[in-house]
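Have a look at the structure that comes next, please.
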Amino acid sequence: MNMSLLETNISIMQQRSPNLARRLISATVPPHCAVKTARNGMPVLMVDKVTFHSQYDPQREGERIAEKFIDDNSDQKMDSLVIFGLGFAYHISPLLNHANKITVIEPRLEVIKAACEHIDLGEVLKKVKIVTDMESTEPGIMQGVFLEHKPSVAVNRDVYEKVVRHINHNASNHPFDSIQTDAFKIMVVSPIYGGSLPIARYCYEALSNLGHDVVLFDSSMFDSAFQKLLQINMSNHNSTVLHDLFLHLISEMIVATCVDDPPDIVLSLAQAPVSAKALERLRQMDITTAFWFVEDYLLMDYWQNYAPLYDFYFTIQDGSFFDELKKCGAANYYYLPVAAAPVIHRTFALSEDETRSFGSEISFIGSGYYNREQFFSSLLDYDFKIWGDNWNQNVPLWKHVQRNGSRITTEESVKIFNSSKVNINLHSSVCHKGINPDGDFTNPRTFEIASCGAFQLVDYRSSLNKHFSLDSEVVCYRDLAELRSQIDFFLSHPEERLNIAQNARNRILKDHTYEKRMQEMIAFIQLRKPALRSLQQNKKIAIHNKNSFCEDYPEAIETLNRLKPEISNPDLDSIINAIASKQGGLTYPDALFCLINEFKNKFNQVKA
Amino acid sequence: MNNILVIQLARMGDIIQTTHLLNGIKASYPDHTISLLVDSAQNNIAQRCFDADEILTINLDDLSSVVNSSNDLNCIFPIIHDICSCLHNSSYKHVVNLNYSHVAALLSTLPCSQFQHGYWMCGQNNNLGKDWWFSYFNAFVKNAPLAPFNLVDVFYFLMCPRPIKNATLPMHTSSRDLSAAHALLEENSITDNDLIVGLQLATRNRQRQWPIEHFSDLAVSLLKNPSFHLMLLGSDSDTDLGREFEQRLLPALDLADHKRVHNYIGQTDIGMLCGLLRQADLLVTGDTGTMHLAASQNCPVVSLFFGPALSNYTGPYGENHWVIQAQHHCSPCIEDYADCNDAACRWLIKPEYVLDIAEHILIDKKLEMEVPGNICISKTCMTDWGVINRQLVNGFNDLQAIQHLCYREMGISMLLQSQAESTIRPESLEHYGLRQQSGSPLLKDLTRQCRKIMHDSYQGHEAILSNRMNTGYSFWHALIDYYYERTQLSNAQQAQTQFAACLLKSSTLLSHMSETYH
């Protein structure tokens, strides 16, 4: 320990942050904060076995972090900076001249003390305001371009989440949707069929629009074979075995696809055919797995077996469902309601023929659940068109069911929404006679109708006011009488209808697109799993300083010379290719490069 | 530079299976020092290898975590260099790498050496090179049940291509280990008159693990004999399995018998385990490191093979161990991969078969069991060319027996480099029970096939390889695979000469058998 360095640093700090300086004097550096010496002789901090800086050249690494940060934010005004994590300040020093005001959030007093003991922080302390506790900071201090020091985030994840929520205070329901995320390679896995199939496609489109490298594993390509399988008349046992084998095959195809070209994240939508075994294999490959359970947890109970197996579990319900998820061992769960895809769910000018065909005073699209059949029987005196499948043919309601109860495509549903004066939306239930009084989540149809700029009357759900302003953006009913009076009112007040519909569409465009949801999902994943970033960076493992490398390992020059001279940061794959194309035996550096490559690839090997 | 480096980076069982090779090298190169390179996690077991003069360790977990800690080669490279520099700065006359892995092959290139054996890096395209002997061994990957040599012997013959004089797995067990084991048994009131049966419940994965229900049923039956004591063996990670076993077993026993069940799971270091196995009268186990350790300590073994485990490859080494191999329609399956919902093969070996053999070994009771056709029972016996499993019940069929014998004889003849070797050792036919069957139409057909392939071999590679596509010629597929790989990896002319010699050997053997039966 260098006492004079500590004293000097603390005396400078006393001028700017006397309280912090006072606390530092009595603080101790516990054993879990170790200081090691990098190969260039500079001290490097290690907290809870996390190394805070490069063990080779921490100063150069700090400069690189700063350069990249400036480059990434070249379009922003660098007046104020907020940096999460002090570490030994190697990443902060190069930024001192790039901003007028710099705030550093360092939650751990022991880190600040260790930095004061080992680093000359004179210039840093003169320019930087260090805060340890967000609660007591003055207003405005957290405003600025945000830089996170990744190792500091890794050891202070909870505080970091609070900081992020604080910074994004305005977006109270969706605290992570404005965080900058890295670009990832993502595989979206759709179910074979069902309501979440189109959502998988919307996710794929949205993630692509956000700049991620996305592939869609479209399980619906197996739909016809699967339906055929279900039609074969066989014993229950055989049916179960064949069903399992079929799903297992698809699951293995998903894994094999990942082995060939590993994504960073596999996102499965509800009912996607990904087995527990496949999830285990993906985990072994260090691929992050996420599941978006866009179903009612009280109705579909398979989540109990699968939620603990996923790294991330996104849900459309919170509250008591979160208690259940915690109980069953799920690690990272997050409330993420469904949304709309405005490119698809759009306003639409219909031809006269189409209006005749799809239009009506009131309409409903959806399957014939028990509660709908009961409830809609009392609306048969209206010009009421019902679209969708699974409706009972033996009741008077049937004559309102269009096209003999065949399925409606997404494109057709958009036309129906656009051409109905009032779109009825009633969430399904298998046990209520009409409205489920305890219904919580909001169904996709609510967002889709709104996105079409169409008018809807929706049964009351407890989550609805999180997403819309009631009455001005959507209108709710709580019972049949209220619905009937609302229908009557809005059929006779077209301007009110149009205003509310337009407000709803504006709200969708602002807050409820799949792009917003995917942004929020990825930000949450990245926040909870900072190592994910390293994984992506690991794929680009490279020599960052070629000259210094060649000075240290002249034997490697022969191999590196086989690469194109303009490549200043040769990556490992190129080096391995250069070694493979050489004649003769391996040099010592060649062998080390190959060893590094082996350990890098060990998660990606096919087990066969 | 009279020194030899042997690289064995695999698990405990593999290290024990390497000891016979170390012993052979010691005898063949008496003035050389032998260094054994192992993963740090296996240092304790490696320290007991009697014939290794020096144990070197490399921490593979450390290497992996360093490599995955950063994306900057400027950072990673120096650390990897530090870890590997010791190996790089050393020189060996021979480097022998036994692991079919790129990591091991790369490590084998680091020291300066005159001769490389086993698997190594080929340089261009980063392919693995291998000794012809390992190519021959690898040719049986697709025909694993017919593998003609035990892995212990495969390792041994790599460096010592001659008859085996002293078939042992020499592991060091100190008098302190023996005293400690003795004291533990005494503490548990086990006397010299008692018979101790070790039960190794766990295996490295579930596919190889005999059901705990079967172990428990076996234990109940064994404990009916008042002189039998059971000791449960295993590591810390097997504690739950041990508890499950006890929960199942103890309620089925009289209270007085509880004291004859001794749970040592998680309580033994390697020394104590060696000592206990030395004291034990029998070990019942799957294909495990403990099985190989028991064999090294001359503890009789009843070993249970199914799933991916094949007794011809990795069965217990030495004389008079018992092997029960279960055959299922899907046997053998692939390690770590088979997604077996019912794992039916695990249940095929019934406790009563094991009990019968155990009582036969321990109290010389006559064997009375009746086993179905998918259970093969054999007993190990030593020959000049290593261990073979003498099939007692439901062994090879005629074709398999002839094939196994042929490939074994071809291997031996190549090891001896005696291309015209025609002597057929008496052991050969006897061990396979071939004297009992007439077999002439089969032999005639095989002889015809052999002549056809010999003829093809004069036409060139293509003609030979075309026989690989002929399912009627499956007898020869492993040989053709071996030939093909040799032509890829080494001098094609040399490969062809060796191939022709093998066919000649087979032809001689087939004729000899025909004469015997006619």
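Values reported hereafter were calculated over all heavy atoms of this structure, with side chains retained and with hydrogens, waters and symmetry mates removed. Labels below follow one simple rule: chain letters A, B, ... track the order of the sequence lines, proteins then strands, and each chain is numbered from 1.
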Crowded around B:Y484 OH? As in, over 12 foreign heavy atoms under 6.0 Å?
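No.
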Assess whether atom OH of B:Y100 is packed by more than 12 heavy atoms of other residues, nucleotides or ligands within 6.0 Å.
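Atom OH in B:Y100 is not crowded, with 12 or fewer foreign heavy atoms closer than 6.0 Å.
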Which members of residues 545-562 of chain A, sorted by number, sit under 4.5 angstrom from chain B on a heavy-atom basis?
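At a heavy-atom separation under 4.5 Å, chain B is reached by A:N545, A:S548, A:F549, A:Y553.
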Can you tell me which residue pairs pass the salt bridge (Lys or Arg N to Asp or Glu O under 4.0 Å) test with a partner in residues 66-90 of chain B, sequence neighbours excluded?
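Of all non-adjacent pairs touching residues 66-90 of chain B, those that pass salt bridge (Lys or Arg N to Asp or Glu O under 4.0 Å) are A:R39-B:D82, A:R64-B:D72.
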State, yes or no, whether a side-chain contact exists between A:F593 and B:L73 at a heavy-atom distance under 4.5 Å.
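Contact flag for A:F593/B:L73 side chains = yes.
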For A:E598 against B:V103, the heavy-atom pair lying closest together
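Minimum heavy-atom contact is CB-CG2, 3.8 Å.
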Over all heavy atoms of both residues, which pair between B:I76 and A:I541 is shortest? Give the atoms and the distance, please.
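For B:I76 and A:I541, the tightest heavy-atom pair comes out as CD1-CD1, 3.4 Å.
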Inter-chain contacts: residues 86-95 of chain B against chain A, heavy atoms under 4.5 Å
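When heavy atoms of chain A are the reference, residues 86-95 of chain B contributes B:H88 within the under-4.5 Å range.
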Taking non-hydrogen atoms and a cut-off under 4.5 angstrom, which of residues 107-120 of chain B neighbour chain A?
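Checking residues 107-120 of chain B against chain A gives B:L107, B:T109, B:L110.
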Looking at every non-hydrogen atom in both residues, tell me the closest pair between B:N74 and A:H544 and how far apart they are.
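Of all heavy-atom pairs spanning B:N74 and A:H544, the closest is OD1-N, 2.8 Å.
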Heavy atoms only: give me the nearest A:K600-B:V67 pair and the separation to one decimal.
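Closest pair (atom of A:K600, atom of B:V67, distance): NZ-O, 2.8 Å.
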Among B:V66, B:L63, B:I80, which residue satisfies the side-chain contact (heavy atoms from CB on, under 4.5 Å) criterion with A:I596?
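Of B:V66, B:L63, B:I80, side-chain contact (heavy atoms from CB on, under 4.5 Å) with A:I596 is met by B:I80 alone.
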